[in-house]
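The structure under discussion appears below in the form of structure tokens.
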There are 2 protein chains.
Amino acid sequence: MINKKVIIKILGFLLMLEAFFMFLSFLVSLLYDEGDSLGLFYATMITLLTGAILFLLSWKSDPQILKREGFIIVSLVWIVFSFFGSLPYILSGAILNFTNAFFETISGFTTTGSSILNDIEALPHGILFWRSITQWMGGMGIIVLTIAILPVLGIGGMQLFSAEVPGPAPDKLHPRIRETAKRLWGIYLLFTLTEAVLLWAGDMDFFDAICHSFTTMATGGYSTRQASIGYWDSAYIQYVITFFMLLAGTNFTLSYFGLHLKFRKIFKDEEFRWYIGFISLFTILILFMLLANSNSDLEEAFRTSLFQVVSIITTTGYVTADYLKWLPFAGMLVLIMMFLGGSTGSTGGSVKIMRILLVLKNSYFELKRLVHPKAVIPVRLNGTSLNQKTLTNILAFFSMYILIFAVGVVVMLVVTPDMSTAMSSVATSLGNVGPGLGSVGPMDNFYYLPDFGKWFLSFLMLIGRLELFTVLVLFTPMFWKS
Amino acid sequence: MINKKVIIKILGFLLMLEAFFMFLSFLVSLLYDEGDSLGLFYATMITLLTGAILFLLSWKSDPQILKREGFIIVSLVWIVFSFFGSLPYILSGAILNFTNAFFETISGFTTTGSSILNDIEALPHGILFWRSITQWMGGMGIIVLTIAILPVLGIGGMQLFSAEVPGPAPDKLHPRIRETAKRLWGIYLLFTLTEAVLLWAGDMDFFDAICHSFTTMATGGYSTRQASIGYWDSAYIQYVITFFMLLAGTNFTLSYFGLHLKFRKIFKDEEFRWYIGFISLFTILILFMLLANSNSDLEEAFRTSLFQVVSIITTTGYVTADYLKWLPFAGMLVLIMMFLGGSTGSTGGSVKIMRILLVLKNSYFELKRLVHPKAVIPVRLNGTSLNQKTLTNILAFFSMYILIFAVGVVVMLVVTPDMSTAMSSVATSLGNVGPGLGSVGPMDNFYYLPDFGKWFLSFLMLIGRLELFTVLVLFTPMFWKS
């Protein structure tokens with residue numbers, strides 16, 4: 001029997017939390033007085049009341065949360081949040097169509113950053129603030145999810161870092177979750193504030209600085225400007241954001257070590273080294289292409305290349321250059337980068353560097369095993385050899401990701417005739433990146449896709465964000481039987 | 001120490017075999033007397049003499065062939081054969097450029113079927129015969145390779161069928177190879193002759209019938225006509241070829257059972273059932289598309305869909321319809337089918353049905369493992385549970401295939417600006433299919449690609465045909481050290 005009451009209670013509690021952030025947006029709207037206050041107020045009240053009613057109705061629930069409840073809660077939270085989270089857009093009149101509003105909201109909460117808006121500057125500040133803070137909340141959710149909850153459910157790869165997080169999954173959610181979450185949210189908040197101050201010190205006004213630091217740390221990529229970061233044309237701002245995107249795509253437990261000055265632990269971390277390695281490789285490739293095909297100076301080309309590579313690999317999705325104007329092979333590099341993703345335990349999405357590096361390592365080791373068929377050649381990560389079960393799980397994740405991508409492209413080609421659009425919209429949604437190629441490129445948006453396409457991409461954002469398994473397991477009969 | 005002499009001796013012997021088939025083509029050319037006889041004669045003599053010299057020079061070699069020699073021979077044979085095999089084209093003046101001749105030849109021997117020719121009917125019959133028979137030889141090579149040699153080297157997935165083939169790899173190549181090869185070549189020859197007779201009984205003349213049965217059974221796809229099978233516009237011929245493509249894409253050990261009337265064994269085989277399942281699925285999808293978008297009658301639409309699906313899934317590559325004119329999502333279906341491939345132990349290339357089914361099964365089982373974390377849930381094939389090592393190997397193959405594909409597309413985009421062309425040329429080469437999409441589509445050819453692109457695709461054909469590992473292991477330092 002599934003403990004429905006405790007699920008409802010937790011959802012109720014979290015809805016009240018969502019209402020709190022809506023209330024903040026309401027306060028911002030009062031400050032600017034641009035006609036969105038009433039809509040935000042109603043949205044806050046509806047969300048708050050619904051949350052309170054759900055919470056109180058299931059007040060006396062059995063507090064036991066087993067794995068199954070865990071899976072259901074995690075998937076439901078993102079959906080329910082997106083449903084209520086679209087109210088501010090609709091009630092303020094910023095986005096009138098429900099499909100569009102839901103797409104914009106789930107793209108926010110999943111920290112994807114794909115948008116249906118084609119005149120962002122026209123939105124009132126309260127709504128812009130809400131749009132940015134959905135991503136920041138999504139980032140908070142992801143940190144606690146990947147570092148604390150998913151390992152307990154047996155998903156996500158973070159179970160490898162067993163020293164840092166609650167150990168081999170017990171059946172009940174561990175009370176240490178709260179402590180871990182607090183510690184990491186502290187870092188998240190600290191980085192957000194630091195970035196906001198640094199951006200404010202540059203060309204950005206206070207409001208833009210806050211909003212962008214929200215969406216940087218979440219690797220979300222929503223901007224308050226239609227031209228994204230390209231709007232500012234400031235090397236300082238681009239470098240600051242690049243640095244914080246890098247941080248946001250790094251495992252937060254490593255940042256925790258960094259704040260305690262244990263730098264050796266960071267630089268010895270294999271995933272971190274590959275993360276930096278991939279970024280360097282792609283930056284150099286694109287730098288060469290930029291230098292060979294335009295007469296921009298070295299610093300500018302380097303900055304553009306680095307910014308765009310970090311933005312896509314970390315799955316942030318900010319834009320300073322229209323990469324559709326680059327050579328075709330650079331477009332393919334962009335598509336490939338969408339599959340890398342940030343580090344495990346970061347706010348980045350997609351396959352993630354650790355899985356990619358283990359897939360590559362294992363491929364190489366298969367060749368080794370051919371040469372030495374009798375030797376036992378385990379795949380190691382940071383000196384520890386992985387057991388076969390974990391390895392199979394990671395390889396399965398990678399294959400499943402590719403299969404979902406392939407099927408997704410077929411589905412999208414039913415609604416759009418263009419291969420680049422279909423492939424990149426699926427890759428960018430599943431990887432929670434943001435912009436794509438073709439007609440959903442960096443200077444365009446998702447507005448013109450048919451409704452079916454928007455709902456389908458929303459679904460991909462959700463399963464991508466929740467590491468596939470968390471959502472897909474709900475579609476198996478054995479989940480509901482057991 | 002690598003036993004170089006025995007490698008040279010075997011290559012010498014096989015070159016003499018190649019010369020024999022060239023001699024057959026020379027005889028055909030005499031029959032038609034179209035000016036290609038002298039070229040074919042010279043090519044035969046050069047190949048024969050080189051083979052004889054190599055063979056005699058290393059006459060007194062130590063006969064011991066260990067695994068390492070095995071790997072080297074297998075890769076070298078395909079390259080050396082393609083080098084000498086391009087002589088008939090060059091010396092007869094049919095193809096003057098070496099790159100083009102080599103591309104056409106390796107595309108033949110790897111049973112790919114991608115062509116640089118844009119006026120096939122203009123070629124003399126001797127050369128057309130040589131072109132078809134390169135594929136037939138390639139098919140023979142593949143049968144003995146996948147069923148007898150690769151399992152001994154620890155590659156290819158056929159090690160699963162341990163009852164049928166030499167068991168757990170001993171270090172020396174097993175003498176039973178000869179027997180297995182003979183038995184299966186018997187079936188290959190029988191099917192080829194049967195198909196030739198059936199085609200001859202239809203609208204084809206004797207020459208075309210022979211050539212097409214060569215390239216059908218090899219899942220090669222070279223035709224004697226520029227319009228491929230579309231030339232005949234005969235339902236009978238299309239159904240006959242469809243049936244034999246199906247056979248060629250089936251595990252030859254299953255055909256062996258079939259000839260012994262053990263049909264239950266065939267229909268209980270899981271790979272065979274998935275093979276038929278995939279073909280049915282894609283045929284239905286494309287059939288619906290054809291019916292919804294044209295006013296062709298049901299039988300014709302069914303025949304076109306079935307023919308094209310079987311042609312691509314078995315990696316044959318014959319064409320009766322310009323699938324570029326289909327809807328975009330059908331193009332993507334074609335691209336996906338290029339990754340399926342025939343069954344293991346068939347002449348089909350690409351990933352192969354067995355690996356795809358195990359990847360899918362394992363993905364599903366990962367979800368099962370999530371629900372029941374403590375249960376041991378092995379992946380089974382035909383009732384036998386796979387060990388983790390085999391499973392990891394198959395998942396590694398799949399991941400490596402995808403990674404090579406992705407990198408390949410980046411490389412091809414340097415020489416062609418079109419995404420469809422780049423993606424499909426890599427998929428079709430790596431999977432040994434034949435035609436692609438975009439400017440290498442079913443009605444076009446590979447002539448206009450730059451030389452670098454042709455060499456790169458030739459390399460992909462080779463590693464695809466030899467199950468990746470066989471070739472890639474040669475690029476690792478440990479192979480040469482051990």
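Each chain gets a letter, A, B and so on, in the order the sequences are listed, and its residues count up from 1.
The most heavy-atom pairs under 4.5 Å with chain A, out of B:Leu403, B:Leu395, B:Leu327, come from B:Leu395. Chosen from B:Arg369, B:Met332, B:Lys389, B:Met423, the residue pairing most often with chain A at heavy-atom distances under 4.5 Å is B:Met332. Of the listed residues (A:Lys368, A:Met412, A:Met289), the one with the most heavy-atom contacts under 4.5 Å to chain B is A:Lys368. Comparing B:Ala422, B:Ala330, B:Ser399 by heavy-atom pairs within less than 4.5 Å of chain A, the highest count is held by B:Ser399.
Counting heavy atoms from C-beta on, the side chains of B:Gln388 and A:Thr392 come closer than 4.5 Å. B:Met478 is listed as a side-chain neighbour of A:Leu367, based on a closest heavy-atom distance under 4.5 Å. Annotation: side chain of B:Val409 is not in contact with side chain of A:Phe329 (no heavy-atom distance under 4.5 Å).
The side-chain hydrogen bond (donor to acceptor under 3.5 Å, both in side chains) pairs that include a residue from residues 415-424 of chain B are B:Asp418-B:Thr421, B:Thr421-B:Ser439, where partners are two or more places apart or lie in different chains. Annotation: salt bridge (Lys or Arg N to Asp or Glu O under 4.0 Å) contacts involving residues 322-335 of chain B, sequence neighbours excluded, comprise B:Asp322-B:Lys325.
The two residues B:Met419 and A:Leu335 make their nearest non-hydrogen contact at CE-CD2, 4.2 Å. When all heavy atoms of A:Leu413 and B:Pro328 are compared, the pair lying nearest together is CD1-O, 3.7 Å. Contact between A:Asn362 and B:Ala396 at its shortest, heavy atoms only, is ND2-CB, 3.4 Å.
Looking at A:Phe475, there are no atoms closer than 4.5 Å to chain B (heavy atoms on both sides), in backbone or side chain. Using a 4.5 Å cut-off between heavy atoms, A:Val359 contacts chain B through its side chain alone, with no backbone atom that close. If you measure heavy-atom distances from B:Phe397 to chain A, you find no contacts under 4.5 Å at all.
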side-chain contact (heavy atoms from CB on, under 4.5 Å) evaluation trace for B:Val371 with A:Phe71: CA-CA 10 Å; B:Val371 180; A:Phe71 284 115; over 6 Å; no
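Going from atom CZ of A:Phe365 over to atom CG of B:Asn393 covers 15.0 Å, rounded to the nearest 0.5 Å. A:Leu370 contributes atom CG, which lies 9.5 Å from atom CZ of B:Phe479 (distance to the nearest 0.5 angstrom).
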